[in-house]
Amino acid sequence: MANFAKPSAPRFSVEVYQNEFLPEGGRDVHAIVTVTSTGGATATRAAAGRGSAAVVIMVDCSGSMEYPPDKMRGAREATAAAIDTLRDGTSFAVIAGTHVAKEVYPGQGRLAVADAATRAQAKESLRSLSSGGGTAIGTWLRLADGLLRGSAATIRHGILLTDGRNEHEDPAVLRATLEACAGRFTCDARGVGTDWEVKEVTGIASALLGSADIVADPAHLSEDFTLMMENVMGKEVADVALRLWTPVGVEIQYVKQVAPTVQDLTDRRGEAGPRAGDYPTGSWGDESREYHVCVRVPAASVGQEMLAARATLLLPAAPGEPPATLAQGLVRAVWTDDLAASTAINPQVAHYTGQAELAQAIQQGLEARKLGDVGGATAKLGRAVQLASASGNADTAKLLAKVVDVVDAAAGTVRLKAKVADADEMTLETRSIQTVRVKKS
């Protein structure tokens, strides 16, 4: 494990957990790469007032937000709470989203700088938020992108709230918008009520490396928006990349973030020179994340060993300058005829493989349930209950218990509930990717 840091910047470390031993002819190497950032809170306080963050809040103002009226009221109150949480010096703007996107504050294609006066003005402007029109989320994101691109802030972030489906925009347009915005800013997405599409909201958050969640009761929006904004204000380093370098003959099979959520990064690879690729990780504060890396090495005989991959955390530099190395870790492969050594599964690898399977089982089970496939839904959700129980994922176990009657958690024996509240099903689906960390002995 190696550490690199600059004065007053957060310190990053990389730890690699794996069983490096392979049987003769074995080829697949699995490793959990744990990345930890510390000291960001101190750096953030030192950076206060430097304008190191820019945030755009996108509020759904389509006609459905008035039914019931507490959704629009809750959205105004939540946006005001988020504005109150802005650190002085933060650049910000508010957008009203319908089938078009409109600047609510400050207007004229610019961002305001947070202080007591601008926060008060922004909250006063929220009185103009009213519902009417359709939903075209891509237009909201494109306007946010344009505003954020004009900022020199280190952290560029969006917060998006919707209560409905993206019905007034071709799905291909939203996909193209997300591809264009990816890497330019991160975005948290929230669905309020139960009339929105889970895959749309989680897809937005996934593409823009943010979080997704459901707020079924509009009364809880202010609390959620405050927590989201506090998290943004705690970020200090943006656009961090995980670079994987592999020797000749080694192939990357996949790269997945597995904690605190499951996020497949395999297709996000950006080529970075001979046998090296960069995977985006977004913005960081004081936190730890874990990544499952699987590489395929050339077959070798007993006694041989090799470097299978080098994982380096990098911070982009100014044009023409090399990126700064924040931390580094090594993935190894050693061939042995010791059966016990080569068949042992590293506890971290086993745990997060199970957590990824848990997320997939929930999603597949809920999809089967929607299609009326009782047998398939029972089998998948039963497996999910079994995995949640075995890994100690109590939060997911509680959510599953609202969708199925658990007969035997350890065996994965369940019965589908005859009636399930929409909010309970959507909460389980939205939060299916949230994981628990491995229990350290």
Side-chain angles (χ1 to χ4, degrees), residues 78 159-163 165 186-228 230-231 256-265 282 287-290 292 351-370 377 380-406 409 412 414 416-417 420-438:
I159 289 177
L160 185 150
L161 174 70
T162 185
D163 82 321
R165 295 170 174 83
T186 53
C187 184
D188 294 322
R190 295 292 185 268
V192 59
T194 57
D195 294 326
W196 48 280
E197 181 63 47
V198 172
K199 287 182 174 60
E200 281 182 353
V201 170
T202 56
I204 291 166
S206 175
L208 301 180
L209 298 177
S211 66
D213 208 349
I214 178 175
V215 186
D217 185 350
H220 296 150
L221 276 173
S222 290
E223 177 186 0
D224 187 77
F225 268 47
T226 299
L227 290 173
M228 274 196 292
E230 287 176 347
N231 183 56
K256 299 177 182 179
Q257 178 183 291
V258 289
T261 59
V262 178
Q263 175 77 266
D264 195 340
L265 301 176
E287 58 190 300
S288 181
R289 303 180 202 168
E290 300 187 81
H292 186 169
H351 175 81
Y352 288 116
T353 299
Q355 292 291 286
E357 184 188 351
L358 169 59
Q360 186 178 54
I362 290 172
Q363 292 160 14
Q364 291 176 343
L366 291 177
E367 185 64 26
R369 184 179 178 278
K370 292 174 185 175
K380 290 294 183 181
L381 293 174
R383 175 59 175 159
V385 166
Q386 186 180 40
L387 289 164
S389 174
S391 65
N393 196 330
D395 289 343
T396 298
K398 290 176 183 176
L399 295 175
L400 281 162
K402 294 182 178 182
V403 177
V404 298
D405 292 315
V406 180
V414 303
L416 298 184
K417 288 185 181 290
V420 177
D422 288 344
D424 290 335
E425 183 175 1
M426 292 175 71
T427 301
L428 175 60
E429 184 177 1
T430 306
R431 298 179 184 173
S432 61
I433 63 170
Q434 295 181 5
T435 59
V436 292
R437 296 195 180 278
V438 66

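Quick caveat: nothing in here was measured; it's all calculated off a predicted structure.
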*Look at atom NZ of Lys370 and say whether more than 12 heavy atoms of other residues, nucleotides or ligands are closer to it than 6.0 Å.*
yes
_Atom pair OG1/CG of Thr427 and Asp395 - distance to nearest 0.5 Å_ = 12.0 Å
*With side chains defined as the heavy atoms from C-beta onward, is the minimum distance between Asp195 and Asp163 less than 4.5 Å?*
no
*Does the side chain of Val403 come within less than 4.5 Å of Leu366's, by heavy atoms?*
yes
*Between Val262 and Ala359, which heavy-atom pair has the shortest distance, and what is it?*
CG2-CB, 4.4 Å
*Atom CD of Glu223: over 12 foreign heavy atoms under 6.0 Å*: no
*Would you check if Leu160 and Leu208 make a side-chain contact, meaning some heavy-atom pair closer than 4.5 Å?*
no
*So Thr162 and Ile204, side-chain contact (heavy atoms from CB on, under 4.5 Å) or not? Walk me through it.*
CA-CA 11 Å; Thr162 185; Ile204 291 166; over 6 Å; no
*asked:* Please enumerate all residues that pass salt bridge (charged side-chain N to carboxylate O under 4.0 Å, His left out) together with Glu425, with sequence neighbours excluded.
replied: Arg369
*Could you grab the distance from atom CG of Asp188 to atom CG of Leu227, nearest 0.5 Å is fine?*
11.0 Å
*asked:* Can you confirm whether Asp405 sits close enough to Lys417 that some side-chain heavy atom of one is under 4.5 Å from a side-chain heavy atom of the other?
replied: yes
*Report the distance from atom CD of Glu357 to atom CD of Gln364, rounding to the nearest 0.5 Å.*
9.0 Å
*asked:* Tell me the closest heavy-atom pair linking Gln386 and Gly412, and the distance in Å.
replied: CB-CA, 3.9 Å
*NZ/NE/NH1/NH2 to OD/OE distance under 4.0 Å, Asp213 and Arg431*: yes
*If every non-hydrogen atom of Lys402 is compared with every non-hydrogen atom of Asp424, which pair is closest and at what distance?*
CD-OD1, 3.5 Å
*So, are Glu290 and Arg437 salt-bridged, with charged N and O less than 4.0 Å apart?*
yes
_Lys/Arg N to Asp/Glu carboxylate O, Lys380 vs Glu367, below 4.0 Å_ = no
*With no hydrogens and no angle check, do the side chains of Arg289 and Thr261 hold a donor and an acceptor under 3.5 Å apart?*
no
*Spatial distance of atom OH (Tyr352) from atom CD (Gln355) [nearest 0.5 Å]*: 7.5 Å
*Below 4.5 Å, heavy atoms only, C-beta onward: do His292 and Thr353 meet side chain to side chain?*
yes
*Indicate yes or no: at least one non-hydrogen side-chain atom of Trp196 is less than 4.5 angstrom from one of Ile214.*
yes
*Asn393 vs Gln434 side-chain heavy atoms within contact, under 4.5 Å*: no
*For residues Gln263 and Ser206, is any side-chain donor paired with an opposing acceptor at under 3.5 Å?*
yes
*For residues Val404 and Val385, determine if any side-chain heavy atom of one lies less than 4.5 Å from a side-chain heavy atom of the other.*
yes
*Given side-chain contact (heavy atoms from CB on, under 4.5 Å), test Leu400 with Val406 step by step and report yes or no.*
CA-CA 9 Å; Leu400 281 162; Val406 180; 5.9 Å; no
_Using 0.5 Å steps for rounding, measure from the CG atom of Leu358 to the CD atom of Gln363._
9.5 Å
*Qualifying residues under side-chain hydrogen bond (donor to acceptor under 3.5 Å, both in side chains), relative to Ser288, sequence neighbours excluded*: Thr36
